[in-house]
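Because the structure is a prediction, the values reported are computed rather than measured. Sequence lines set the chain letters: A, B, ... in the order given, protein chains first and strands last, and positions in each chain run from 1.
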Amino acid sequence: MLTHNLDNIQYFVISNQSIMARLIFLKLAGLLLVSFFLGSCTDHQSNSSFALSYPDYFPDPIYQSTRNPITKEGFELGRALFHDPILSTDSTISCESCHAQGHAFADHNVALSEGIAGRRGVRNSPAIFNAAWQPHFMWDGGINHIEVMPVAPITNDVEMGETMNNVVKKLNRNQAYKRRFKQVFNVDVIDDQKLLFALAQYMSMLVSATSKYDQVRQNKAIFTDIEQQGYEVFVQKCSSCHKEPLFTDYTFRNTGLPAKPDETGRHHVTLEAEDMHKFRMPSLRNVALTYPYMHDGRFKTLREVLNHYSDNMQDYSNLDPLFKLDNGKLGIPLSENEKTALESFLRTLSDYSFTSNPIFSE
Amino acid sequence: MKSLNIFLLIVLISSLVITSCKKDEVASLQKGSVSIEFDHVWGSNEGEFSLNKELTHPMLGEKMTFSLFQYYVSNVRLKKADGTWWTMPESYFIVDAATDEGKVITIPDVPGGEYTDVELMYGVDSLRSTSGAQTGALSPSNGMFWSWNSGYIMVKAEGTAPTSSDGTFVFHLGGFKGDNKVQTIKTYAFGSKLVVDGTREAEVHMIANPARLWHGAQKLSEKSKQTMPGALAKSMSTNFYDVIRFDHIHN
């Protein structure tokens, strides 16, 4: 209970939002003092609790870890690690190299990212935001938890090319990191779990919920006519998979993209025939900032994506049934006017407060 | 009335005495550690197994030399003579055929007493496979975790084989869910009592036979790599688990 109150205090202090918050702060200051006395025997009391904040129309996040409670210092440590090329084998690539804040933590508008020694993978670097709500990670959903997500890029030969053992060794040679891990986790020796905990604290705090769409939803702004028209098309034709308010339903679907050799999508991790060429449904939040599109970055513009859905879909035995129309055609019928309106609406999902929030940058 | 009071007093006193005796008995048995050693043998005639030694698989008829052989054992429980079970907290181990120490898992702080059975899980439970970053034997840095397809490599066998297309074999077997769930719980009765009292080393000896991985499996010339969950991972690892047997105890 105390911890919960502390969360509130810290959240309000940091966001420094209102007089109401200050009143709550004063009211709870006593509790804070008491908790210092009570907690004086326990470890790392100097850490300030930090809470995920999100609009009331968001569901509860999946990642609410009691064994890795988010603190300001833990978040900042995760932020430092996220931006530090020490995680790669030759100290050239950081997480931020391919997940840049200005692009909603996707890559800098390249189809396939460059890892160590200029190596390239086969899939488009996904954006990172609202990860605390994500039940699985990567385009094929192979990773089941936000804490173990970074193991994949750190150890992948074409990304950071490191081993967890060596990263941990390097961190343990760095006195500044040793001090910070000691402060946050009260450990004398850094291990991979604490590294992953810190990264999870940072990544789970990357909440994008301050786009124009959110302003409209909170009655703080209104859509223009064309945005409103686009929203109506979206609700009718896109929202069953790109479900509000997170703009994804986290399912895997075959969306009729012509397949490239050796790319089998979710089948790669399940070996189930029904998963052939299925990919994780991405969120449409910040979509205008994260081009190029699809799992391999094959489409450069939103219009190319919409054209795929309206006219260019390839049939598969497991093509998502939503695309199989009564008239025998495939896809989503969209007029050119509807596409233009949709693009206007999709741009209201760009969250510039998020992409420019200094708290997320190192 | 008076005699009833005296009777009650006697009952009270005697019950105190009985309780205190019991208490003394419990206190006299110290906690101790139990070690479980996995000896490895090869084939149905239980020949010698070791890494870096050329072996011939009795069913495949192919030669193979292991460079690595590791597997998870977890969720250790011990059954007391009174029929209750003691469960070891945080009970995750990698058995490693590379060294003598690697073949022994040590269960510390076992309550003093007599034990009749041991229960082991071969592999890692699904809860830990889906609960984020772990430490110790479950740390991804042990090389027994699939980074791209979350889950533990429950059995890892690597080495060389002249009949394999590239001269090597690599079997990373695991899978914790659905039809391809690999982890398996086995219970073994000692047939006698394992005494834990803090004064002696209680040892349980098990015998495992890595040749069983290929019991009814394809030849290495046809299939020498498997590095993800699936039907083959399940059949290979459960064939191996099924014949791990209890051999004897030492008190």
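Using a 4.5 Å cut-off between heavy atoms, A:D191 contacts chain B through its side chain alone, with no backbone atom that close. Only the side chain of A:D192 comes within contact range of chain B, with at least one heavy atom under 4.5 Å from a heavy atom of that chain. Heavy-atom distances place no part of A:T163 under 4.5 Å from chain B, backbone and side chain included. A:H136 does not touch chain B: none of its heavy atoms, backbone or side chain, sits under 4.5 Å away.
Put simply, OG on B:S131 and CZ on A:R67 are 6.5 Å apart, with the number rounded to the nearest 0.5 Å. Distance check, rounded to the nearest 0.5 Å: CG of A:N165 to CG of B:N142 gives 7.5 Å. The distance from the CG atom of A:N156 to the CH2 atom of B:W148 is 11.5 Å, given to the nearest 0.5 Å. Atoms CD and OG, from A:E147 and B:S150 in turn, are 11.5 Å apart once rounded to the nearest 0.5 Å.
Contact count versus chain A (heavy atoms, under 4.5 Å) is highest, among B:S147, B:P140, B:A133, B:G143, for B:A133. Of the listed residues (A:D140, A:I143, A:V151), the greatest number of heavy-atom pairs within a distance under 4.5 Å of chain B belongs to A:I143.
Other residues, nucleotides and ligands contribute more than 12 heavy atoms inside 6.0 Å of the CG atom of B:D166. Environment of NZ in B:K31: sparse, with no more than 12 heavy atoms of neighbouring residues, nucleotides or ligands closer than 6.0 Å. More than 12 heavy atoms of other shown residues, nucleotides or ligands fall within 6.0 angstrom of atom NZ in A:K260. At most 12 non-hydrogen atoms from other residues, nucleotides or ligands lie less than 6.0 angstrom from NZ of B:K181.
With contacts defined as side-chain heavy-atom distances shorter than 4.5 Å, the pair B:F176/A:N144 qualifies. Put simply, the side chain of B:T135 reaches to within 4.5 Å of the side chain of A:K194, judged on heavy atoms.
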